[in-house]
Number of protein chains: 2
Amino acid sequence: MKRAAEGPEEDVNGHPAKRQVAQEGDLGHESCVRRVARDGVAEEEDEVKEDFGGFPSEETMNELENIQKELFKLDDECAKEQMEVQKKYDKQKKPAFDKRNEIIAAIPQFWLQAFKNHKGIYIHQEDEELLGHLKTIEVDDNLDHMGSYKLTFHFEPNDFLESLTMSKKTTILDGNDEVCEISPIVWQENMDIVSRIRERRKQQQEKGESPVDSDYSLFEWFTQEAPDDIPDLGEVIRRELWHDPLQYYLEECDEGGLIDEEEGEEEEDEAEGEEYTPMDGSLVR
Amino acid sequence: MKRAAEGPEEDVNGHPAKRQVAQEGDLGHESCVRRVARDGVAEEEDEVKEDFGGFPSEETMNELENIQKELFKLDDECAKEQMEVQKKYDKQKKPAFDKRNEIIAAIPQFWLQAFKNHKGIYIHQEDEELLGHLKTIEVDDNLDHMGSYKLTFHFEPNDFLESLTMSKKTTILDGNDEVCEISPIVWQENMDIVSRIRERRKQQQEKGESPVDSDYSLFEWFTQEAPDDIPDLGEVIRRELWHDPLQYYLEECDEGGLIDEEEGEEEEDEAEGEEYTPMDGSLVR
């Protein structure tokens, strides 16, 4: 069946995102109530209007709002408690992550391959060589109960970088404000991929040429001026590549799932149980 | 920034859905390993191939797979523990839900209005009158740790229905298999909206006319033969309408968010804090 819930973000309980006003102890519905009362509900729906028994009293609306506030408050408490559980398991997972990083670092071009196999991001030709020197990804996850996180790339010595790490800490405030702390990338002379691509983009714009969508460097994500339309590398990594890097290393994968690259094997793969098993059931409240 | 993670379902930790094989104690990568080793990694990527330092040994791959299994196992345990937290809060929320249902039942056409204001579902004209008699929605949520749930509609006496309730229990197995138990709708004579719409659809198909997309009855969701392209009413209700019915009752809303119905008020509303504050931060691991 068609999923109706697609666009919006969800909180930890799988609920759609709440409006800020709800968290600030004021549902902010007063103005809506007034407006709806003024305009009449279902103004354009004549066949309904005639049956409509009138707008509820302010007292009723207040009562409903108070109940809703109480429910939202419990949701928030629940989310916090669930995050505590998450953090407990994050700690337990740490040694396995460390060991995994150690093994991956010894496999040549592991991350380059994993990134390239991820269908959701396009790896620019100019990025490939440097990505091939990426040895270790470090994810410091859930730094607070809002799920702020820090991502660090560690490279082996290479011709591009002076500093062998680049990192970006994403702080989530009020649900969605991301305040980022970035360690500036120090490039070797004339090896700044990002500037090169940006310069080209600028020239294209000046000439009035339409820019090529995928003409960005993934390393732009580690800069303050990341363009709006590049993939959110942090989300791709923490939710997908970091979750199952081996899967991405081995086969071309869509976001979050496995797509078989060989035509005609679909049936065989289904029989092998390679279809997804979304855990969405456990997501919703 | 563009979200890369859009399509796939996520588990309770915000991870993309896992492949079933991972839960069955067999990552199923063996065949992939063999195939990739046979075909060569990055076959089409000549510029990479020349740098590629060889495929890791079977021992290394096994080690990686075992670590991954351990991580998945911890994820599963974490999800279960988080579901226990959820259930604890579900219990605490029950009295507020009951009280809310009581108030809503006394407001004429509350649910009809809420449904109509939900931008993600289209309410068929034929459904409207009956939906106007819907008094109470009952959501029995998280019946197990997979998040199975049961939805029941309670109607006031009306010209359409013999039985005043309709219900559907959705059991989630292995992550995504939904086994549904449905209480058959008992219609009054000649008042079966669903059959009427289905009959019309069939006639259109026979005439070779292209069917109208939205020409379905929402009550079809409560039947065994729900067409694939009708909105998943259960998800809309449990995740959205049930989460904040007042919001939907009051204003036209997109899935999970508020869309102001009056043009030109955007700025004013933004100043009032009516933008969304996704809690996505707390979703991810």
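Just so we're clear, the structure is a prediction, and the values are computed from it rather than from any experiment.
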**Asked** Checking heavy atoms, do the side chain of B:E77, its backbone, both or neither come under 4.5 Å from chain A?
**Response**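 When you check distances to chain A, atoms from both the backbone and side chain of B:E77 fall under 4.5 Å.
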**Residue part contacting chain A, namely of B:Q92, when any heavy atom lies under 4.5 Å** =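 Both the backbone and the side chain of B:Q92 come within 4.5 Å of chain A.
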**Message:** Using heavy-atom distances under 4.5 Å, tell me whether A:K87 contacts chain B through its side chain, its backbone, both, or neither.
**Reply:**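 Neither; nothing under 4.5 Å.
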**Request:** Assess the side chains of A:Y89 and B:E81: does a donor N or O sit below 3.5 Å from an acceptor N or O?
**Result:**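 Side-chain D/A pair, A:Y89 to B:E81: present.
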**Asked** Hey, does the side chain of B:S148 reach the backbone of B:L143 with a donor-acceptor pair shorter than 3.5 angstrom?
**Response**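 Not confirmed, B:S148 side chain does not pair with B:L143 backbone.
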**Request:** Apply side chain to side chain contact (heavy atoms under 4.5 Å, CB included) to A:K99 and list each qualifying residue two or more places apart in sequence or on a separate chain.
**Result:**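 With neighbours one apart ignored, the set is A:E102, A:I103, B:E63, B:I67.
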**Asked** Pick from B:P95, B:A96, B:G132: which one has the most heavy-atom pairs with chain A under 4.5 Å?
**Response**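 If we count pairs closer than 4.5 Å to chain A, B:A96 comes out on top.
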**For B:K94, side-chain hydrogen bond (donor to acceptor under 3.5 Å, both in side chains) partners two or more places apart** =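 Testing B:K94 for side-chain hydrogen bond (donor to acceptor under 3.5 Å, both in side chains), a comparison that skips the adjacent residues, returns B:D98.
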